[in-house]
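Written out below as structure tokens is the structure these notes cover.
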Protein chains: 2
Amino acid sequence: MTVIKPGKSQYQQIADLLQERIQDGTYAPGTLLPSEPELSRELDVSRVTVNKAVTLLRASGQVKVRRGAGTFVRSLPKLNRDAVARFAARNQGTGAGQVEISKLNLQSRTEYLHIGRVEAPAAVAEILGERDVLIRSRRLFANDEPTQLADSYYSWALTKDGPLTAAEVGKGGSYARLADLGVGPVRFSEDVNVRMPYDIERDRLEIEASAPIFEITHVAYAADDRPVSVTIHVMPGHLWTLRYTWDDPQESGQ
Amino acid sequence: MTVIKPGKSQYQQIADLLQERIQDGTYAPGTLLPSEPELSRELDVSRVTVNKAVTLLRASGQVKVRRGAGTFVRSLPKLNRDAVARFAARNQGTGAGQVEISKLNLQSRTEYLHIGRVEAPAAVAEILGERDVLIRSRRLFANDEPTQLADSYYSWALTKDGPLTAAEVGKGGSYARLADLGVGPVRFSEDVNVRMPYDIERDRLEIEASAPIFEITHVAYAADDRPVSVTIHVMPGHLWTLRYTWDDPQESGQ
DNA sequence: CAGTGGTCTAGACCACCAC
DNA sequence: TGGTGGTCTAGACCACTGC
């Protein structure tokens with residue numbers, strides 16, 4: 001390869017080159033990249049080197065590989081998740097889950113992976129103070145592309161006879177049902193982490209092993225400050241922007 | 001290598017193995033991993049394969065390479081950034097910047113990279129509605145390890161004659177100085193994204209090219225809803241947990 | 001100067017896809 | 001069946017570290 005920038009390795013320069021070509025439309029979204037052997041010939045480097053360059057693009061979500069078929073350019077419309085607004089909007093629909101998607105004229109879909117009684121994961125049990133819980137595990141789609149996994153946990157004793165054990169929970173979503181039980185959430189907190197996906201997450205979200213994901217631990221508190229539900233969101237990092245808004249808590253001075 | 005799990009590639013299995021050994025203390029934090037040729041012999045694979053496994057650990061921040069010296073196990077105490085609380089606490093110190101660090105008994109330090117008049121980056125200019133801005137660019141450390149880059153932008157016309165053009169801005173931090181000017185922030189918003197670091201960020205934060213970073217765009221609004229400052233935080237993903245807390249905005253709702 | 005990781009190559013075999 | 005990417009190897013040269 002004709003090395004231009006001396007300070008960089010070949011595979012990094014190739015990654016830069018490919019990235020440029022994606023940016024300027026030479027490789028359009030949805031189309032195939034030239035094959036690795038092809039690029040290998042064009043740039044006069046070994047295929048391993050090309051492959052290493054492509055690996056970088058995969059990690060940043062710009063490209064998606066389908067084995068045997070080729071490497072596709074991804075279109076990257078970012079989804080916006082406004083944490084405060086989405087819960088404020090919950091009385092207009094069937095829950096906060098699909099607010100972001102429907103706003104963008106995308107077709108949203110929810111797939112329920114599991115609804116039932118389970119032993120809570122350690123992190124969840126510690127928050128809820130309970131191991132015997134109801135899980136509502138689901139996968140959300142926009143235009144048939146998976147956009148997030150969301151596992152919600154509730155006290156089993158509290159919810160076992162109610163509508164939360166069914167897929168459709170009715171108007172206002174799960175938080176309205178908690179309100180029906182007298183423990184409507186009034187305060188929320190979210191912890192946001194980034195990490196690499198586990199194997200299962202990688203499969204379910206159809207992302208690369210090297211593509212980082214957001215892990216959001218969302219906790220809802222009732223008026224007496226007891227946590228009443230925990231939801232773990234796992235979302236491909238390249239798909240989402242998270243937004244949080246708040247007022248200065250200093251209104252009554254220091 | 002003695003392949004145990006058939007569904008996985010060797011380098012993934014080796015990465016799992018190394019991860020286990022880090023978890024269980026076989027490789028303690030701060031110590032050196034066995035060298036790649038050594039692992040190559042032990043596991044009976046080529047060095048390239050070992051290297052590829054180590055690459056995975058680097059992306060998740062578990063390991064840090066110093067060329068010529070070796071591969072070190074990182075200690076990973078997560079820093080907690082509570083967005084709401086850190087601004088509430090600003091009147092106790094010299095700003096929100098160091099709240100998280102000092103809480104953990106770590107030694108905090110701020111290095112000023114640049115303070116002066118610049119042309120605003122496009123994203124910042126769009127928010128502020130102004131291209132002529134003051135930048136306060138800094139790098140923050142905990143125990144001499146870089147923990148984040150923070151670039152703050154203010155209208156140059158507004159701040160050019162004030163204390164914000166000096167390194168030390170005094171009690172209450174920059175937001176107290178904006179309040180002195182009659183545009184004290186009363187509302188905040190943050191947009192959170194994840195991406196791979198640029199080269200400069202990689203160098204300044206001393207992280208791997210494959211390690212994802214948080215990019216937080218923090219905007220402060222004055223009482224008249226005008227944005228008065230923008231701060232871009234760039235933080236290594238493996239170092240931080242972000243926390244946001246809010247009350248149900250439905251108090252007067254339907 | 002010996003040891004470390006960074007990078008690159010040529011060649012190979014494989015699983016998977018589309019035709 | 002031919003093309004695609006996934007993976008692995010042996011060997012090589014390099015820059016950098018620490019003694």
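Letters A, B, ... mirror the listed sequences (proteins, then strands); counts begin at 1.
Here A:S9 does not reach the OP1 or OP2 of C:dG6: none of its side-chain N or O atoms lies under 4.0 Å away. The phosphate of C:dC8 (OP1 or OP2) has no side-chain N or O of A:Y11 nearer than 4.0 angstrom. For the OP1/OP2 pair of D:dT7 and a distance below 4.0 Å, the side-chain nitrogens and oxygens of A:N51 include no atom meeting the criterion.
A salt bridge (charged side-chain N to carboxylate O under 4.0 Å, His left out) check over residues 61-74 of chain B, counting only residues at least two apart or in different chains, returns the pairs B:K64-B:E206. For residues 143-154 of chain A, the set of pairs meeting the salt bridge (charged side-chain N to carboxylate O under 4.0 Å, His left out) definition, not counting sequence neighbours, comprises A:R109-A:D144.
For B:I14 and D:dC8, the CD1 to P distance is 7 Å, given to the nearest whole Å. Between the C1' atom of D:dC16 and the NZ atom of B:K64 lies a distance of 16 Å, rounded to the nearest Å. Rounded to an integer number of Å, the gap from A:Q10 CD to D:dA15 P is 14 Å. Atom CD in A:Q12 sits roughly 10 Å away from atom C1' in C:dT7 (whole-Å rounding). What separates CG of A:D44 from P of C:dC8 is a distance of 13 Å, to the nearest Å. Nucleotide D:dT4 holds its P atom 16 Å from the CZ atom of A:R58, rounded to whole Å. When rounded to the nearest whole Å, the span between NZ of A:K8 and C1' of C:dC8 equals 18 Å. Rounded to an integer number of Å, the gap from NZ of B:K52 to P of C:dG5 is 18 Å.
We find that B:R47 and B:E42 are not joined by a salt bridge, their nearest charged nitrogen and carboxylate oxygen being 4.0 Å or further apart. For A:R195 and A:E215, the salt-bridge test passes: some basic side-chain N is under 4.0 Å from an acidic carboxylate O. Taking the charged nitrogens against the carboxylate oxygens, A:R204 and A:E111 have no contact shorter than 4.0 Å, which rules out a salt bridge.
Pairing each heavy atom of A:A209 with each of A:P197, the nearest pair is O-CD, 3.5 Å.
Nearest-nucleotide positions on DNA chain C place B:V65 closer to the 5' end than the other of A:V50 and B:V65.
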**Study point:** Protein-to-nucleotide contact annotation, 5' to 3' order, nucleotides 10-19 of chain C [B base; S sugar-phosphate only; - none; under 4.0 Å, heavy atom]
**Key:** BBB--BBBS-
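When distances are taken from the side chain of B:T49 to each of C:dT9, D:dT9, D:dG6, the shortest belongs to D:dT9.
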Practice item. List the steps and the verdict of side-chain hydrogen bond (donor to acceptor under 3.5 Å, both in side chains) for B:N80 and B:T241. Key: CA-CA 5 Å; B:N80 210 310; B:T241 295; 5.3 Å; no
**Study point:** Evaluation steps, salt bridge (Lys or Arg N to Asp or Glu O under 4.0 Å), between B:R139 and B:E201
**Key:** CA-CA 10 Å; B:R139 180 160 68 148; B:E201 295 166 344; over 6 Å; no
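Interatomic distance, B:L140 CG to B:L79 CG, rounded to the nearest 0.5 Å: 11.0 Å.
Within a heavy-atom distance below 4.0 Å of DNA chain D, the residues of residues 30-40 of chain A found are A:S35, A:E36, A:P37.
Ring geometry for A:Y244 against B:Y244 counts as parallel: the plane angle stays under 30°, on a 0 to 90° scale with 60° as the upper cut.
Not counting sequence neighbours, the partners of A:A125 by the side-chain contact (heavy atoms from CB on, under 4.5 Å) test are A:A120, A:R131.
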Check your understanding: What would the secondary structure line of DNA chain C be in dot-bracket form, counting Watson-Crick and G-U wobble pairs under 3.5 Å, with [ ] for pairs that cross earlier ones and | for pairs with another strand?
Key -> ||||||||||||||||||.
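Residue-environment remark: OH (B:Y198) stays at or below the threshold of 12 foreign heavy atoms within 6.0 Å.
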